[in-house]
Every structure is written in C-alpha cells, then in structure tokens.
Amino acid sequence: MRAPRPTRLQGWGRQSRLGIERRGEDLERLGAVARLSRGLGRSYGDSSLPAADGEIVLNTTLADRILAFDEATGLVRAEAGLSLVDLHRITLPKLMFSPVTPGTQFVTLGGMVAADVHGKNQHTAGNFGDHVTKLRVRVADGRVIECSPDEHPDLFSATIGGMGLTGHILEVEFRLERIPSAAIVQESVRIANVDEFQEELEASAKEWPFSMGWIDAITGGASLGRGVLYRGRWATPEEVAGSPPRPRRAAQLPVDFPSWVLNPASIRAFNALKYHSHVPRVQRRVVGIEELFYPLDAIHDWHRMYGARGFTQYQCVLPRRAGKGSARRVLTLLSNLGAASFLCVIKDFGREGRGILSFPTPGITLAIDIPIRPDTPDVVRALNALVLELGGRVYLAKDSFTTADELARMDPRVEEFQRVREVWDPERRFRSAQSVRLLGDSP
Amino acid sequence: MNEKVIVFGATRGMGRALARAYAARGASLYLLGRNEAELARSAADLVARGARDCGYVRCDLEDARDFAPALDAAFSALGQVDVVAVTAGLFATQEELEKDRSLAVRVLQADFTQTVLFCEEVKDRLLGQRRGALVVFSSVAGERGRKPVVLYGAAKAGLSRYLEGLDHRHRADGLLVVAVKPGFVRTSMTEGLEPPPFAGEPDEVARDVVRAVERGLPEVYSPWPWRYVMGVIRALPRAVMRRVKF
C-alpha cells in the first residue's frame, strides 16, 4: 500500500518533529497503527508530537460527526475530531454554547478533553472535563472502552487532562449550556499594576462569569503588571437589540514575520499604546462571542508572528496559599531575566479539575508568551524554580521545556497517573515527545 | 424549499461534505451505503446539522442486486426526488492496481460498470418524474491517459463519457446530468499521497456541486483551477505526456 512520507509536525509554538500523520474517518481502525492522537495542533509544546522521528500520529480531524444532539437538555455526543468552531456554528443559532471554551475555537473535542482545557469562566464553571459525561476510548490492547465517572472511573479521570497518553479518544459526550443570546456584555477596566489585578479579578469573580486580564509584562517598577481587565456575561436579548455587536471577519497572516519584528522595543511600544489608549478607564459594550472569547482567532496563524523560531507559552498556576504578592514575584523574575513577552495573560482559578493531571487549582494563573531564544530553557528553569517554591505547577498543554524532575516535584499526582497507565497501557504504547521528556517514556 | 436528496456514499469524504451542504439547507436526505452502522451515524450527524430528516438503506456499489430495492426504498420515503448524488466509488493507486489483479477488476467494475448500472436505475426513476438531477462523481483522472492513473483513469473516462451521452439524450426530458470532476481533494481516499498544487477540501467541492445543480451545469471541475489545469494537460502533445510524471 501507500507508504506516507514523514512530514514535519508542529506544535502551535512551532517546535517540530518528523512524523507520519495518518488521517481518516475511522479512528478505531487507524488507532491500531498510531501511538498518539492529534487534533488541530493547538497545544503549544510537544504534547501532540511523536515520541520518535517517523512515528505514526493519528490526525482525528476527519472524524467529526455529531452522533446525538438533544436540544432539550443540551447533551451532545460527537466524534473526537469535531472542532469547537463547527459545533458552535450548529448550536449557536439554537442558543447553545460549550460550557467551557479555551481561547481558540480551532480545537477538537478530543483535544479539549486531553488537555482538560479551561476558559475565562474557570472560576465559576471549572474545566471542560467537568462537563463531560462519557468518553469512548480505544486503549492499548485494542479494546474500545466507554468510560464515565461510574464506568472505569480510573480511565475516565486519567484521560481528562491526560494529554492523549491513555488511548485514542474516539467519542466525547458532554452537556452544552443554554444561553440567553449569542452576545456578551463586556466591561474592560484599565488596571495600574499586578497587585491590583489580583484583587480586581477576585472582586469580579462574584458578579462576572467571565474574566481575564491582559498584562504589559515589560514595564516594571510601580507599574509592573499593569494592563486591562476584561470581564463579561451573556447579554440579554434586550441588550443585544439595543446595541447589536458588529460581526468580525478573520484575517490571515500569510507569511512568517522575521524574528526581529518582535523585539523588546516594539513590544514595549505596543504595550504602552494598548495601555494608555484604554480611555476612559472603565468601558462597557455589547460584543460578539469572538471578541471576548477568541480575540486571537481574528488572525489565522497568528503564531507566525514569532517567525520560524517560534515561541513557548509559559503558563503556571500559583495557589492561593502562595499569597497576594505571588504574581508580582513571577513577573519581577521574568523582567529580571530579560525575557520580553508580547502577550501575557492573568486569570483567577476557582477549583481543581476532575482529571488526575488537570492543570487548574484555586489561585492565580499567568500565561506568558516567550519568543524562543537560545536562553529560553534557562528562563524556564528559573521560572520553574520560583513556581516550585510557591507551590504551583505548569500547564502541560503549553509546556515545552520543563524537565521530568521538575514535574515530579511540582505535581505528586504524576504517580497516580502513572499507576493508571500501568493498568491500561503497561507497555506504554501511547507516548508523545512530551511524555518522553516528562514521564520517562522510552524515545 | 424542501429539497429531497439521495446520496450514495455519504458516510465519508466528498459524499459526506455534499450531504452536509444539503443538510445545512434543510433538505430531506436519504443515504445509501455499504455499512448500516456507519449510515446510522451519518444520518444522526446530518439531522444535527440541519437536515429535515434522514433515512438510510444498505446498498453496495459492488452488488447490482441492491440497486433497485435501495432506490425504491429511497424514492418511496422521499416522494418526488430533486437530486440523486453518486459519490461511492473505489480508489487505488496505479502501483496498487498493477500489483493486485483482483483489486484492478474490482476498481474497474465498481467505478465504471456498477456505477453506470446504478445510474441507469436512477435515470429511469427521474425520467418517470420528468424532472430531477443525477449528480455523479467522476474525476479529472478520466480527462487524459496519464501515468499515475492509467487504470483508475480509464474507468473514470468511460464514466464521464457515459454521463455526457446521458445529458445529450435526456436533457430535453427534464433530466439534469451533472458530471463532477474533482481534482486532488484532501480526503481519506487520497490520504498518504503527496498533494499537488491546487489541492482542495471536500467542503469546497460540495459548495461547487450544489451551485452547479442550481445552475443546471452538466460538468463541474472543483476546485475551479482544475478546469484550466486539465485544459493544459489535454492540450499537451503525447511526446510530452510520455516524459512527464503526471
């Protein structure tokens, strides 16, 4: 038969591995030859990349059928390759929306489960996995297993947030949320520094189901961590009728920017402009869902902005017990390390996820885009040391540079995760470049 | 506008995309295909995507005995039928077909003889209604004898010629015959093959086909650059065709 040639498979941060990507409608059949599933490639690091050069990875995007959709209860069951953008195209006119959405709609349901993604409502709605009622997984020995909190709960909780390492996720069943309109009332507030951010996020949590902040991660001193806080709630039909949101068209970024375009000076100028132009300090308007949830989807392939060398997103969570100044300490360290970040996001978390390795814990999370340079691993070493000291952990869906030792010290839950893998996949059939780096799988 | 559409081969690839395009317009659909479990899953998907309703019946392109009963079931479920789309077919590369004679027999028969026999059954029924469109997926592979598609292309060439004749013979009777000639489209059928320039997506082809039916066009190349690509390839001298890889 055809022998597909290896191609360069990329994570969203543009690190890559040679791999053979198989694509087809029948995940159960193709799952027999592949050692990892991959959706739309939006995980930033190496979690969707093959463990060894030339290994087969299953691209799930052709398996995108909706198998059941109950408009009364919102319960939906679909094949794992269905994208959120396609699902919403069907459910939005019926005023149904995913209870949790990450910052891009270009993700598959399988990927959302594997990373146990969270969104701007983590503090009220938890993670995507909290809304999943059932999963169908093809495990290492070829069996197809239905799992839920009641059936094979160990496989269920290891698969949610398990980065694809428990098996091929074939189908996902979860409950959509009924919404009053397809628009958002959004308030944006200029914030003077990171400590004010931490307070304002906490204060907003009570009244606003959605919140997150954009941080200027370059300006230091008293203004360290200044930025704009965005908070929102679903608009009522009356509010939408009063001021209908403008539709948005997505643009393309057809070429890689040269790596010098994003430099400390240009980023500083951009940040200052964005901060100071936010006048008046508090603004309120009705916006479409894209504007609050998916600002970056407005430019397809925005990651090309970082040039061919790519970038990493360092996302950590600092638990509440780390105290009020914790976010300031991370930003101070970042600025001392001289790692200019173009995009930095801050958000509060309300609860733990349901997956063994789910990322969130009550506290504050920072997501920092860092263009790759030769010293990037050292920057991550230093950030990880501080996060360890503060009792925090990093998000595997973003991570490219954490070491196995750091992860083991950050996250004692890894042992339980490995015990479940031992049961379902003792030979470690499922593996990725990330699991080789972080979990000691053989390359 | 409640369109009534039968799709043979809707569970995968371009057939899936075409069925979805009609579902999004609120059509009533009826699916024919080889695997009943797969048909049921696709029917559920199409209803979720807007189809008014969606029935299905088992029908194997490689077994002509299935054709009449399957079409009877579909026509009696839908009543007047607007479109019958045939996207079912077999594909294998030239190398695969040269190595395996029995596979070659299957592909040649399915893509020509069986497809033509199925179309004959459809033609009789649509002529009985005095209206309706028969949409059949042929291929640009049938446009010129080419090294990578000698056998597959021959079957598709025969099919294209048949569809052309059918159009000439029956257009005046109310039968619209649309020959769809997709170029390289990224589906599971072409999985593992190196995509050439102008490779397309199934949704693009589906949009083009729906538009062609609306406009009553007998032939549609999709994605559109393939019309001109094939125009050039048809014009190349044989001495050149012997040298080039395509």
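Because only heavy atoms are used, hydrogens play no part in the values below, and waters and symmetry mates are left out as well, while side chains stay in. Proteins come first, then strands; the chains are lettered A, B, ... in the order of their sequence lines, and each starts at number 1. Note that this is a predicted model, so its numbers are computed, not measured.
Proximity to chain B is absent for every atom of A:R89, based on heavy atoms less than 4.5 angstrom apart. For A:L67, the parts sitting under 4.5 Å from any heavy atom of chain B are the backbone and the side chain alike. For chain B, no part of A:L30 is nearby; none of its heavy atoms comes within less than 4.5 Å. With a threshold of 4.5 angstrom between heavy atoms, B:T187 approaches chain A through N, CA, C or O but not through any side-chain atom. Only the side chain of B:R16 comes within less than 4.5 Å of a heavy atom of chain A; its backbone N, CA, C and O stay farther away. Using a 4.5 Å cut-off between heavy atoms, A:E21 touches chain B through its backbone atoms (N, CA, C, O) alone. Residue B:E95 does not touch chain A at all, counting heavy-atom pairs closer than 4.5 Å.
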*Before giving the answer on side-chain contact (heavy atoms from CB on, under 4.5 Å), spell out for A:D26 and B:E38 the whole-Å C-alpha distance, their side-chain angles and the decisive distance to 0.1 Å.*
CA-CA 10 Å; A:D26 190 347; B:E38 281 294 300; 5.9 Å; no
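Near-neighbour residues of residues 140-153 of chain B relative to chain A, defined by a heavy atom under 4.5 Å from a heavy atom of that chain, are none.
Here the shortest heavy-atom pairing between B:D45 and A:I66 reads OD1-N, 2.7 Å. Across A:E25 and B:G13, no two heavy atoms sit closer than the pair OE2-N, 2.9 Å. When all heavy atoms of A:G24 and B:S188 are compared, the pair lying nearest together is CA-CB, 4.0 Å.
Listed by chain and number, the residues in a side chain to side chain contact (heavy atoms under 4.5 Å, CB included) with B:A64 are B:F67, B:Q114, B:L117 (sequence neighbours excluded). Here B:A44 pairs with nothing under the side chain to side chain contact (heavy atoms under 4.5 Å, CB included) rule; sequence neighbours left out.
Listed by first and then second residue, the ring-ring contact (aromatic ring centres under 6.0 Å, His included) pairs involving residues 60-99 of chain A are A:H88-A:F97, A:F97-A:W234, A:F97-A:F293 (not counting sequence neighbours).
Between B:R20 and A:D64, at least one side-chain nitrogen of the basic residue sits less than 4.0 Å from a carboxylate oxygen of the acidic one, meeting the salt-bridge criterion. The residues B:R41 and A:E171 are annotated as salt-bridged, a charged nitrogen and a carboxylate oxygen being separated by less than 4.0 angstrom.
The 12-atom threshold is exceeded at CG of B:L236, counting heavy atoms of other residues, nucleotides or ligands nearer than 6.0 Å. Summarising the local packing, CZ of A:R304 is surrounded by more than 12 heavy atoms from other residues, nucleotides or ligands at distances under 6.0 Å.
Among the candidates B:R49, B:R186, B:E194, the residue making the largest number of heavy-atom pairs closer than 4.5 Å to chain A is B:R49.
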